[in-house]
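A short worksheet on the structure shown next.
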Amino acid sequence: QVQLVESGGGLVQAGGSLRVSCAASGRTFSSVVTGWFRQAPGKDREFVAAISRSGSSTYYGDSVKGRFTIYRDDAKNTVYLQMNTLKPEDTALYYCAMSYYIEYYYRSSNYNYWGQGTQVTVSS
């Protein structure tokens, strides 16, 4: 089993920055990819970013390319999402997830374990 705990969400003004964290524990050595997804009220869950276990491969959704950066600190068993130039449309509940398969990193159904989410709110 894998446990994921997100933190770092909050309220920020448009144009500002925020970093959210995903701390993992348990049998994390089996996971191949860690992803971030977000879900706004009334909308489908959206792929944000993903990173391979080695950190050598990163992937981003079109709406966040050039503004968000995903990276990992294996010593802390933590994956981070640095969010810059935030926009009101980035407001959502942000989830991290882990999967044994990297091929469909952009599909939420690909992921086996999920955290409880952390709220990010961007004011205009």
**Request:** Could you tell me the separation between the OH atom of Tyr94 and the CG atom of Leu18, rounded to the nearest 0.5 Å?
**Result:** 9.0 Å
**Message:** If hydrophobic clusters are built by linking Ile, Leu, Val, Met, Phe, Trp and Tyr wherever their side-chain heavy atoms come under 4.5 Å apart, do Met83 and Ile70 end up in the same one?
**Reply:** yes
Run the side-chain donor-acceptor check on residues 115-124: report pairs under 3.5 Å with partners two or more places apart or on a different chain.
residue	atom	partner	partner atom	Å
Gln116	NE2	Glu6	O	3.4
Thr118	OG1	Gly9	N	3.1
Gln119	NE2	Ala92	O	3.4
Gln119	NE2	Thr121	OG1	3.4

**Prompt:** Would a hydrophobic clustering, with Ile, Leu, Val, Met, Phe, Trp and Tyr connected at side-chain separations under 4.5 Å, put Ile51 with Val48?
**Reply:** yes
**Asked** Would a distance-only check, ignoring hydrogens and angles, find a side-chain to backbone donor-acceptor pair under 3.5 Å from Asn112 to Tyr100?
**Response** yes
**Message:** So, taking the atom named OH in Tyr59 and the one named OH in Tyr106, what distance separates them when rounded to the nearest 0.5 Å?
**Reply:** 11.5 Å
**Under the side-chain contact (heavy atoms from CB on, under 4.5 Å) test, residues paired with Gln1 that sit two or more places apart** = Gln3, Tyr113
**Message:** Checking Arg45 now: which residues fulfil salt bridge (charged side-chain N to carboxylate O under 4.0 Å, His left out) with it, not counting sequence neighbours?
**Reply:** none
**Asked** Hey, what do you get for OG1 (Thr34) to CG (Leu81), rounding to the nearest 0.5 Å?
**Response** 12.0 Å
**Asked** Quick check: does any side chain N or O of Ser52 sit under 3.5 Å from a backbone N or O of Ser57, one acting as donor and the other as acceptor?
**Response** yes
**Message:** I'd like to check the side-chain contact (heavy atoms from CB on, under 4.5 Å) partners of Thr78; sequence neighbours left out, ordered by chain and number.
**Reply:** Ser21, Ala23, Lys76, Tyr80
**Request:** Measure the acute angle between the ring planes of Tyr95 and Trp114, then classify it against the limits of 30° and 60° as parallel, tilted or perpendicular.
**Result:** perpendicular
**Request:** Mind checking side-chain hydrogen bond (donor to acceptor under 3.5 Å, both in side chains) for Arg107 and listing every partner two or more places apart, or none if nothing turns up?
**Result:** none
**Asked** Any salt bridge between Asp90 and Lys87, counting N to O under 4.0 Å?
**Response** no
**Asked** Quick one: OH on Tyr105 to OH on Tyr111, what's the gap to the nearest 0.5 Å?
**Response** 9.0 Å
**Asked** Rounded to the nearest 0.5 Å, what separation is found between the CD atom of Glu89 and the CZ atom of Arg38?
**Response** 8.0 Å
**Prompt:** With no hydrogens and no angle check, is any side-chain donor or acceptor of Thr85 less than 3.5 Å from a backbone partner on Arg67?
**Reply:** no
**Asked** Val33, Tyr104: one ILVMFWY side-chain cluster at the under-4.5 Å cut-off?
**Response** yes
**Asked** For the residue pair Val20 and Trp36, what are the closest heavy atoms and their distance?
**Response** CG2-CH2, 3.7 Å
**Selection residues 109-124 - residue pairs positive for salt bridge (Lys or Arg N to Asp or Glu O under 4.0 Å), sequence neighbours left out** = none
**Fill in**
Shortest non-hydrogen pair, Gly61 vs Phe47, comes out as N-CE2, 3.6 Å
**Fill in**
All heavy atoms of Leu4 vs all of Ala24, minimum pair found to be CD2-CB, 3.7 Å
**Asked** Is the number of heavy atoms from other residues, nucleotides or ligands within 6.0 Å of OH (Tyr71) greater than 12?
**Response** yes
**Item:** Common cluster, Ile102/Tyr60, ILVMFWY with side-chain heavy-atom separation under 4.5 Å
**Value:** no
**Item:** Value rounded to 0.5 Å, distance of CG in Leu86 from CZ in Phe68
**Value:** 5.0 Å
